[in-house]
Amino acid sequence: MKDELFKEPLSRATDFTFNRDVAAVFDDMVHRSIPFYGEVQNMIVDLVAHYYQDETLVYDLGCSTGVLIAKLAAALPGLKGIVGLDNSEPMIEKTRERLAGLPSKVPIDLVCEDLRDFEPKRASAVIMNYTLQFVRPLYREHVMRHIFEGLVPGGILILSEKVLEDSTDISRLFVDMYYQFKRRQGYSDMEISQKREQLENVLVPYKVSEQRELLQRCGFREVEIFFKWNNFASFVAIRSL
Ligand SMILES: C[S@@+](CC[C@H](N)C(=O)[O-])C[C@H]1O[C@@H](n2cnc3c(N)ncnc32)[C@H](O)[C@@H]1O
């Protein structure tokens, strides 16, 4: 279904939430709002294939409608299991619907829970795409520490986020270029600005340097960026052997 949630003027100011209306249009919204969304997922499948260890689990924290889970299960039939977590019931329902039609034999466990209360276990890959940015900064270190502890040695965290740069001018330019991208995807200036206002208090991006420092503080000694497009970055962080 096409994302037209911000097409008409909104009568009152509210914060963005992952409610039923958003879940209904999420697949269209995310493809038109995150540059190279599908290709980043393909790269993640390749990274998981490389780092996966027998008898371990793969986690997708903030799995939304389950697109990546479906790709992982199709591409890597030998996985012992995938755990998808999201605290939005409508998103989990969408994931359930998507997975119901798939022939994959990989066991998939879906959990509707706040990731701040969640501790992955025996993971060789934890994926968190565009989700940490919605967790209040106060809780981010706590979440990252739990993920580090839940990874087996040699396991990876894959983290994709909207980011800022150290330079304020470049950050501003990247955001402008991002709005150009959204216009090219067919969003009007009103849609762009109404969504930006709703996200203002709920999506808090870190600088690339802050993100790297957070990961290193939580125990990840190796942290690399495997994809970057203006104000979007994907990191791979390794729990050393
Ligand atoms: C921008 S979406 C990205 C989803 C997905 N990873 C993707 O790449 O398409 C963020 C998702 O994280 C979920 N989310 C946000 N905060 C969360 C939290 N504290 N605990 C669990 N899920 C959360 C939202 O419900 C939403 O489905």
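First listed ligand is number 1; within each ligand, the first listed atom is number 1.
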Asks: Run the numbers for me: atoms of ligand 1, each under 4.0 Å from some heavy atom of Glu113, listed by number.
Replies: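 Selected atoms, number and element: 20 (N), 21 (C).
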Asks: Would Met91 count as a contact of ligand 1 if the rule is a heavy atom under 4.0 Å away?
Replies: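 True for this residue.
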Asks: Is any side-chain N of the basic residue among Glu4 and Lys7 closer than 4.0 Å to the acidic one's carboxylate O?
Replies: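 A salt bridge links Glu4 with Lys7.
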Asks: Any salt bridge (Lys or Arg N to Asp or Glu O under 4.0 Å) involving residues 185-197? Give me the pairs, sequence neighbours left out, ordered by first then second residue.
Replies: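 For residues 185-197, and leaving out neighbouring residues, the salt bridge (Lys or Arg N to Asp or Glu O under 4.0 Å) pairs sorted by first residue read Arg183-Asp189.
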Asks: Can we say Glu141 and Arg145 salt-bridge, meaning some charged N sits less than 4.0 Å from an Asp/Glu carboxylate O?
Replies: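 Salt bridge: yes.
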Asks: Give the residue and atom name of whichever protein heavy atom lies nearest to atom 1 (C) of ligand 1, and the separation in Å to one decimal.
Replies: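 Answer for atom 1 (C) of ligand 1: Tyr130 O, 3.3 Å.
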Asks: If hydrogens are left out, which of Ile34, Leu132, Asn87, Asn129 has an atom nearest to atom 3 (C) of ligand 1, that is, the closest non-hydrogen atom?
Replies: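 It is Asn129 whose heavy atom sits nearest to atom 3 (C) of ligand 1.
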Asks: Heavy-atom contacts with Leu85 under 4.0 Å: which atoms of ligand 1 show up? List them by number with element.
Replies: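 Near Leu85, the atoms of ligand 1 are 21 (C).
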Asks: So, applying side-chain hydrogen bond (donor to acceptor under 3.5 Å, both in side chains) with Thr65, which one of Glu97, Arg98, Lys94, Glu93 is it?
Replies: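 The single option meeting the side-chain hydrogen bond (donor to acceptor under 3.5 Å, both in side chains) with Thr65 is Arg98.
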Asks: Which option out of Asn19, Leu115, Val22 puts a heavy atom nearest to atom 20 (N) of ligand 1?
Replies: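 Nearest option to atom 20 (N) of ligand 1, by heavy atoms: Leu115.
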Asks: For ligand 1, indicate whether the residue Ile127 contacts it via side chain, backbone, both or neither (heavy-atom separation under 4.0 Å).
Replies: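 Neither; no heavy atom under 4.0 Å.
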Asks: Does the distance from a Lys or Arg side-chain N to an Asp or Glu carboxylate O, for Lys228 and Glu165, drop under 4.0 Å?
Replies: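 The answer is yes: the pair qualifies as a salt bridge.
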Asks: Distance to 0.1 Å, residue and atom name: give those for the protein heavy atom nearest to atom 5 (C) of ligand 1.
Replies: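 Ranked first by proximity to atom 5 (C) of ligand 1 is Gly62 O, 3.1 Å.
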Asks: May I ask you to establish whether Arg32 and Tyr187 are in a cation-pi arrangement, using a distance under 6.0 Å from NZ or CZ to the six-membered ring centre and at most 45° from the ring axis?
Replies: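 The answer is yes; both the distance and angle limits are met.
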Asks: Should one rank Tyr139, Tyr37, Phe26 by closest heavy-atom distance to atom 2 (S) of ligand 1, which comes out on top?
Replies: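 Nearest option to atom 2 (S) of ligand 1, by heavy atoms: Phe26.
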Asks: Run Gln211 and Val208 through side chain to side chain contact (heavy atoms under 4.5 Å, CB included) and show every step you take.
Replies: CA-CA 5 Å; Gln211 194 58 74; Val208 173; 5.7 Å; no
Asks: As a check for students: among Asp86, Asp117, Thr131, identify the option with a heavy atom nearest to atom 25 (O) of ligand 1.
Replies: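 Heavy atom nearest to atom 25 (O) of ligand 1 belongs to Asp86.
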Asks: Identify which one of Tyr178, Phe181, Phe227, Phe36 satisfies the ring pair (Phe, Tyr, Trp, His ring centres under 6.0 Å) criterion when paired with Phe232.
Replies: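 For Phe232, the ring pair (Phe, Tyr, Trp, His ring centres under 6.0 Å) check succeeds only for Tyr178.
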Asks: Could you list the atoms of ligand 1 found under 4.0 angstrom from a heavy atom of Ser88?
Replies: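 Once the distances to Ser88 are compared, the set is 25 (O).
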Asks: Looking only at protein heavy atoms, which one is nearest to atom 19 (N) of ligand 1, and what is the separation?
Replies: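 Looking at atom 19 (N) of ligand 1, the protein heavy atom closest to it is Asp114 OD1, 3.1 Å.
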